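Structure first, commentary second.
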Amino acid sequence: MKPQAEDGNWPRASNWLSGDHFRPPLGLLGLLGVPLRDGAITPGRCDLAPAAFRAALARFSTWDLIHGCDLRDIAVRDHGDLPVSDAVPEDAAPDIGNAVRAALPAADALIVLGGHNGITHPAMCGMTPALRDCGLLTLDAHLDLRDLALGLTNGNPVRALLRDGLPGTHVVQIGIQSFANAPFYAHLASESGITVVTVEEVRRRGIEQVVSSALASLAERTSHIYVDLDMDVLDRAFAPATAGSRPGGLAPWEVQAAARICGAHHKVRVLDLVEVDPSRDVAEATVLAGASCMLAFAGGLRSRFPVG
Ligand SMILES: [Mn+2]
């Protein structure tokens with residue numbers, strides 16, 4: 001099929017990623033690809049996700065019609081992908097932490113594209129060495145508290161963070177589902193002081209209220225907030241490319257709203273987007289859902305600055 005001629009009136013988000021922004025920009029969004037593949041409980045090709053997300057931005061505009069803003073008010077600095085696609089999580093961890101540490105000072109916020117969920121522990125350690133002063137908000141169907149005996153996987157990033165000094169009272173997990181977790185780990189979450197918000201509670205209270213109150217409560221106790229967006233929090237129908245999604249999960253509009261609220265909060269420093277294996281996608285549904293969350297987060301970041 002012959003590609004259509006570019007429409008100069010239609011601002012592609014992929015061009016924004018490549019440097020097409022208004023000058024001077026009001027803020028800076030950092031982007032870092034971490035294509036970690038090995039060490040997942042279900043083997044897959046999450047290493048393909050960063051490139052797939054970037055490519056998917058060509059299908060979106062930078063104009064947020066609903067909120068009346070253009071992402072081109074902020075600039076993006078894309079740091080490319082770390083060479084970790086053949087590394088085990090333990091070996092990749094120092095490079096991931098260092099790259100986040102290096103990218104953050106110049107940026108108002110950073111999006112880290114996984115890779116599987118094993119990137120969350122090293123990336124959050126890179127956000128700040130003082131985990132006791134940090135908050136973690138996860139959007140995930142799972143508690144991610146599995147045992148550490150077999151090393152770092154995509155099933156235990158929260159457990160590893162607790163081990164390394166993150167207080168459980170600084171963790172809020174949103175979107176947790178039935179028949180996707182074990183009682184031992186739910187008990188551990190409760191003993192550790194983790195706040196668990198089930199998918200049923202999200203439905204009852206609404207995603208905006210749940211995420212806003214979680215951020216407000218974390219911000220009272222911490223200086224920096226890390227957001228882990230595991231795309232398996234979506235319903236299986238919307239996220240076939242994640243190993244962990246099941247029927248009964250959240251809808252894309254709920255996760256987009258969550259990403260926007262997180263992007264708007266001044267203490268949110270990093271958002272990771274993990275667990276997408278593009279080789280298992282159907283009609284690009286999962287990759288496009290993830291890309292839409294990147295844009296929603298960027299739209300939230302835009303709203304941190306006064307209207308120009
Ligand atoms: Mn997870």
Side-chain angles (χ1 to χ4, degrees), residues 34-47 49-50 53 89 92-93 96 111-125 135-148 150-164 166 168 171-182 184-186 188-189 192 194-199 202 211 214 225-236 238-250 252 254-255 258-259 262 270-278 280 286-287 289-290 293:
V34 183
L36 189 66
R37 177 190 63 218
D38 293 348
I41 293 168
T42 305
R45 294 301 309 272
C46 289
D47 56 310
F53 287 134
I96 297 170
I111 294 179
V112 181
L113 300 174
H116 65 65
N117 216 154
I119 72 165
T120 300
H121 169 257
M124 187 166 176
C125 291
L136 171 65
L137 187 154
T138 73
L139 293 147
D140 199 319
H142 310 97
L143 297 164
D144 288 354
L145 286 168
R146 289 192 195 228
D147 205 84
L148 295 166
L150 296 177
L152 294 173
T153 69
N154 60 341
N156 60 21
V158 179
R159 185 74 171 272
L161 287 162
L162 295 181
R163 176 198 65 192
D164 292 345
L166 179 68
V171 181
V172 181
Q173 302 195 267
I174 296 171
I176 301 297
Q177 289 182 38
S178 292
F179 310 115
N181 292 284
F184 180 86
Y185 299 120
L188 181 65
S192 309
I194 292 175
T195 300
V196 171
V197 183
T198 66
V199 70
V202 173
V211 173
I225 299 172
Y226 185 105
V227 179
D228 164 30
L229 171 47
D230 182 335
M231 293 298 288
D232 74 20
V233 76
L234 283 168
D235 188 275
R236 186 77 179 170
F238 299 115
T242 59
S245 65
R246 294 290 178 269
L250 297 183
E254 293 173 303
V255 183
C262 290
V270 180
L271 169 85
D272 76 29
L273 215 159
V274 297
E275 289 292 312
V276 173
D277 171 358
R280 296 162 59 121
T286 322
V287 167
C293 289

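Counting starts at 1 for both ligands and their atoms, following the listed order. Computed over heavy atoms, backbone and side chain alike; hydrogens, waters and symmetry mates excluded. Bear in mind that the values here come from a model prediction, so they are computed numbers and not experimental data.
- Side-chain contact between P278 and T286 is absent, with no heavy atoms from C-beta onward closer than 4.5 Å.
- The atom name of the N/O/S atom in D144 closest to the Mn ion (ligand 1) is OD2.
- For the pair G175 and V202, the tightest heavy-atom approach, listed with the atom from each and the gap, is N-CG2, 4.3 Å.
- Within D230, the N/O/S atom positioned nearest the Mn ion (ligand 1) carries the name OD2.
- Here N117 meets the criterion, with an N, O or S atom under 2.8 Å of the Mn ion (ligand 1).
- With 2.8 Å as the limit, D232 does not count as an N, O or S neighbour of the Mn ion (ligand 1).
- The closest side-chain heavy-atom distance from D147 to Y185 is below 4.5 Å.
- Distances from the Mn ion (ligand 1) show that E275 has no N/O/S atom below 2.8 Å.
- Not a single N, O or S atom of D228, from either the backbone or the side chain, sits less than 2.8 Å from the Mn ion (ligand 1).
- In this structure, N154 CG and H142 NE2 are separated by 9.5 Å, a value rounded to the nearest 0.5 Å.
- For F53 against G290, the heavy-atom pair with the smallest separation is CE2-CA, 3.7 Å.
- Considering just the N/O/S atoms of D140, the one nearest the Mn ion (ligand 1) carries the name OD2.
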Run the side-chain donor-acceptor check on residues 36-44: report pairs under 3.5 Å with partners two or more places apart or on a different chain.
from	atom 1	to	atom 2	distance (Å)
R37	NH2	S85	O	3.2
R37	NH2	D86	OD1	2.8

